[in-house]
Amino acid sequence: LKVLRLEALIRLGDCTALDRTSSDIISELKDGEKLWLNGGDIYGETDRPFVRINIACPRATLVDGLNRLLHYVERIVNDALFLYMFMDFW
């Protein structure tokens, strides 16, 4: 996840490395991690998967949300590694 510098209370994350669409990422985060983010596509950014994170909140809320996001990314990486090892085994 690449964090981009912006002049606002909303941070933009480029999720290209996750190999998913913004809609998929938003849906998976909402369903699996109970974390609600906005997709970049609502602002017209449709060529790459972006998510927008509102950081105008109490620190504890932000830390909790970032931990949920980290858990999601770790799960994707672990699933991909497992599949790679499984395919290499066969």
Side-chain angles (χ1 to χ4, degrees):
L1 182 66
K2 181 178 178 184
V3 177
L4 306 176
R5 183 182 175 107
L6 297 176
E7 301 296 327
L9 296 176
I10 295 178
R11 299 303 287 178
L12 180 67
D14 180 352
C15 299
T16 304
L18 299 179
D19 196 30
R20 286 167 165 72
T21 66
S22 289
S23 297
D24 289 342
I25 293 167
I26 298 304
S27 177
E28 291 170 2
L29 282 169
K30 189 168 98 173
D31 294 342
E33 302 300 325
K34 307 303 182 219
L35 179 64
W36 291 31
L37 302 179
N38 292 322
D41 55 345
I42 66 173
Y43 298 98
E45 297 152 352
T46 57
D47 59 333
R48 294 193 313 192
F50 286 102
V51 295
R52 291 182 180 259
I53 303 168
N54 184 345
I55 61 172
C57 60
R59 182 181 179 93
T61 302
L62 179 59
V63 168
D64 179 57
L66 292 175
N67 282 329
R68 291 171 191 242
L69 181 60
L70 177 62
H71 182 259
Y72 170 75
V73 172
E74 286 175 339
R75 186 168 38 87
I76 290 172
V77 169
N78 288 337
D79 288 350
L81 287 174
F82 175 78
L83 287 175
Y84 176 77
M85 290 171 35
F86 181 76
M87 296 302 287
D88 191 45
F89 176 74
W90 290 104

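Residues take their numbers from the sequence shown, with the count starting at 1. Side chains included, hydrogens not; waters and symmetry mates left out as well; all remaining heavy atoms used.
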**Study point:** Nearest heavy atoms of Arg20 and Ile76, plus distance in Å
**Key:** NH1-CG2, 3.5 Å

Check your understanding: If two hydrophobic side chains count as joined below 4.5 Å and joins carry through other members, does Val63 share a cluster with Val51?
Key -> no

Review point. Looking at Asn38 and Ile26, what are the two nearest heavy atoms and their distance?
Key: C-CD1, 3.7 Å

Check your understanding: Among pairs that include at least one residue of residues 61-72, which meet salt bridge (charged side-chain N to carboxylate O under 4.0 Å, His left out), considering only residues two or more places apart or in two chains?
Key -> Asp64-Arg68

**Study point:** Under the side-chain hydrogen bond (donor to acceptor under 3.5 Å, both in side chains) test, residues paired with Thr16 that sit two or more places apart
**Key:** Asp14

Point to revise | Gap between atom CG of Leu70 and atom CG of Leu35 - 0.5 Å precision | key: 11.5 Å

**Study point:** Leu66 reachable from Val77 in the ILVMFWY side-chain graph, under 4.5 Å edges
**Key:** yes

Exercise for review: Calculate, to the nearest 0.5 Å, the distance between atoms CG and CD belonging to Leu18 and Glu28 respectively.
Suggested key: 9.0 Å

Check your understanding: Under 6.0 Å from the CG atom of Asp31, do we count more than 12 heavy atoms belonging to anything else shown?
Key -> yes

Practice item. First locate atom CG of Leu69, then atom CD of Glu74, and finally report the distance between them rounded to the nearest 0.5 Å. Key: 10.0 Å

Revision key, fill the gap. Sorted by chain and residue number, the side-chain hydrogen bond (donor to acceptor under 3.5 Å, both in side chains) partners of Asn67 (sequence neighbours excluded) come out as none

Study note, to complete from the structure: d(Phe50 CZ, Ile25 CD1) to nearest 0.5 Å is 10.5 Å

Exercise for review: Mind listing the closest non-hydrogen atom pair of Ser22 and Gly39 along with its distance?
Suggested key: CB-CA, 4.4 Å

